[in-house]
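The structure under discussion appears below in the form of structure tokens.
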Amino acid sequence: MVTMTPPRLLLHICCGPCLLGSLLHLEGEREGLEGFFCNPNIHPLAEYRRRLEALRSYAASVSFPFSVGGEYGLIPFVRMVAGREQERCRHCHGLRMRATAREARRRGIPAFSSTLLHSVHQDRDAVVEAGREAAEDVGVEFLPLDMRGTWRAGKSRWRATGLHAQRYCGCIYSEMEREGMKVLDNLREMNR
Ligand code: SF4
């Protein structure tokens, strides 16, 4: 259990499974917590819709309020990382943390954090750095919660819901890597 100050927090949601695990960590601390799903990094469109639909079902089942930021973002996302695919995660974290920081400021919420800090598959230091930079730029507070302790429990609870569980991080590059092809190999292939 953590103590959250200030009392209102905008929680960036990367996906339903990570929201479930984060809420396990934040048990008893939900008052003042609002969710924000903003992930132009999730591709293709069918997968984006499946993840959002799963999140909607889960959030409704636990009465957790959240809003959706932006639309499906394949084209702007691909343009953003084109030519720097190897460092795409840094840009991806930065994009989502800035959007969440701006949304917090727009709504008058003094602080934000992210369910990315629940995932053991994310680079925690990189997410924290992106959150801190966004907070400084926008003028709100970033809370670097460490919610990884409920990872296993969250995963098994999500499985029990029967809702869609993703097989890769989100972007088309991570889908390719999940299927066994590395970004570098793909670039070499193109340059042959
Ligand atoms: S692998 Fe995940 S964190 Fe990295 S760019 Fe793709 S969606 Fe974003």
Side-chain angles (χ1 to χ4, degrees), residues 10-22 25 35-56 58 66 68-103 112-135 137-138 142-148 150-151 154-155 158 163-190:
L10 187 64
L11 185 66
H12 165 257
I13 301 172
C14 60
C15 61
C18 283
L19 175 64
L20 188 157
S22 298
H25 177 85
F36 183 55
F37 179 89
C38 179
N39 299 292
N41 58 307
I42 299 173
H43 322 132
L45 182 55
E47 176 71 11
Y48 177 83
R49 286 179 172 153
R50 255 183 241 125
R51 292 190 195 188
L52 183 52
E53 199 42 50
L55 169 64
R56 283 203 168 105
Y58 168 69
F66 80 97
V68 179
E71 304 285 337
Y72 177 59
L74 173 69
I75 293 171
F77 184 88
V78 169
R79 282 187 179 160
M80 177 182 76
V81 302
R84 45 188 184 180
E85 291 84 359
Q86 292 288 79
E87 46 180 288
R88 67 185 185 274
C89 298
R90 187 162 61 80
H91 300 288
C92 176
H93 293 146
L95 178 73
R96 292 186 281 170
M97 293 305 96
R98 273 193 308 280
T100 309
R102 284 196 207 107
E103 180 68 7
F112 73 100
S113 192
S114 175
T115 59
L116 287 166
L117 297 170
H118 167 69
S119 173
V120 299
H121 297 303
Q122 293 292 331
D123 178 344
R124 175 180 165 77
D125 291 345
V127 175
V128 169
E129 191 185 334
R132 287 195 169 128
E133 278 177 14
D137 287 352
V138 175
F142 173 71
L143 259 57
L145 302 171
D146 188 350
M147 304 187 281
R148 293 172 295 182
T150 49
W151 176 253
K155 229 179 149 189
W158 185 264
L163 293 168
H164 174 64
Q166 61 261 25
R167 296 178 64 244
Y168 58 96
C169 187
C171 63
I172 48 172
Y173 312 99
S174 61
E175 188 269 349
M176 183 174 73
E177 292 188 336
R178 175 69 178 76
E179 296 303 317
M181 177 178 272
K182 296 279 173 223
V183 165
L184 263 183
D185 293 343
N186 196 235
L187 286 169
R188 281 191 202 110
E189 191 74 22
M190 274 174 51

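Just follow the structure's listing: the first ligand is 1, and inside any ligand the first atom is 1. This chain uses plain numbering: 1 for the first residue, then up along the sequence.
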So, 2.8 Å as the limit: is an N/O/S atom of Cys89 located closer than that to atom 4 (Fe) of ligand 1?
yes
Does Phe112 form a side-chain contact (heavy atoms from CB on, under 4.5 Å) with Val138? I'd like the steps, not just the answer.
CA-CA 11 Å; Phe112 73 100; Val138 175; over 6 Å; no
Counting non-hydrogen protein atoms only, what is the nearest one to atom 6 (Fe) of ligand 1? Give residue, atom name and distance.
Cys171 SG, 2.4 Å
Tyr58 ring centre to Arg51 NZ or CZ under 6.0 Å, with the angle to the axis within 45°?
no
Using a strict 4.0 Å cut-off to heavy atoms of Ser174, name the atoms of ligand 1 that fall inside it.
1 (S)
Numbered in order shown, the ligand 1 atoms found under 4.0 Å of a heavy atom of Cys92 are 3 (S), 5 (S), 8 (Fe)
What do you reckon, does Arg96 put a non-hydrogen atom under 4.0 Å from ligand 1?
yes
Given the rule in the salt bridge (charged side-chain N to carboxylate O under 4.0 Å, His left out) test, do Arg50 and Glu53 qualify, once you have shown the distances and angles that lead to the verdict?
CA-CA 5 Å; Arg50 255 183 241 125; Glu53 199 42 50; over 6 Å; no
Specify the closest pair of heavy atoms between Ser114 and Met147, including all atoms of both residues, with the distance to one decimal.
O-CE, 3.3 Å
Which of the ligand 1 atoms, numbered from 1, are nearer than 4.0 Å to a heavy atom of Arg88
1 (S), 5 (S), 6 (Fe)
Scanning both residues in full, the closest heavy-atom pair of Arg88 with Cys171 reads NE-SG, 3.4 Å
For a distance under 2.8 Å, tell me if Cys169 has an N/O/S atom near atom 2 (Fe) of ligand 1.
yes
Specify whether Trp151 and His121 have parallel, tilted or perpendicular ring planes, treating 30° as the upper limit for parallel and 60° as the lower limit for perpendicular.
perpendicular
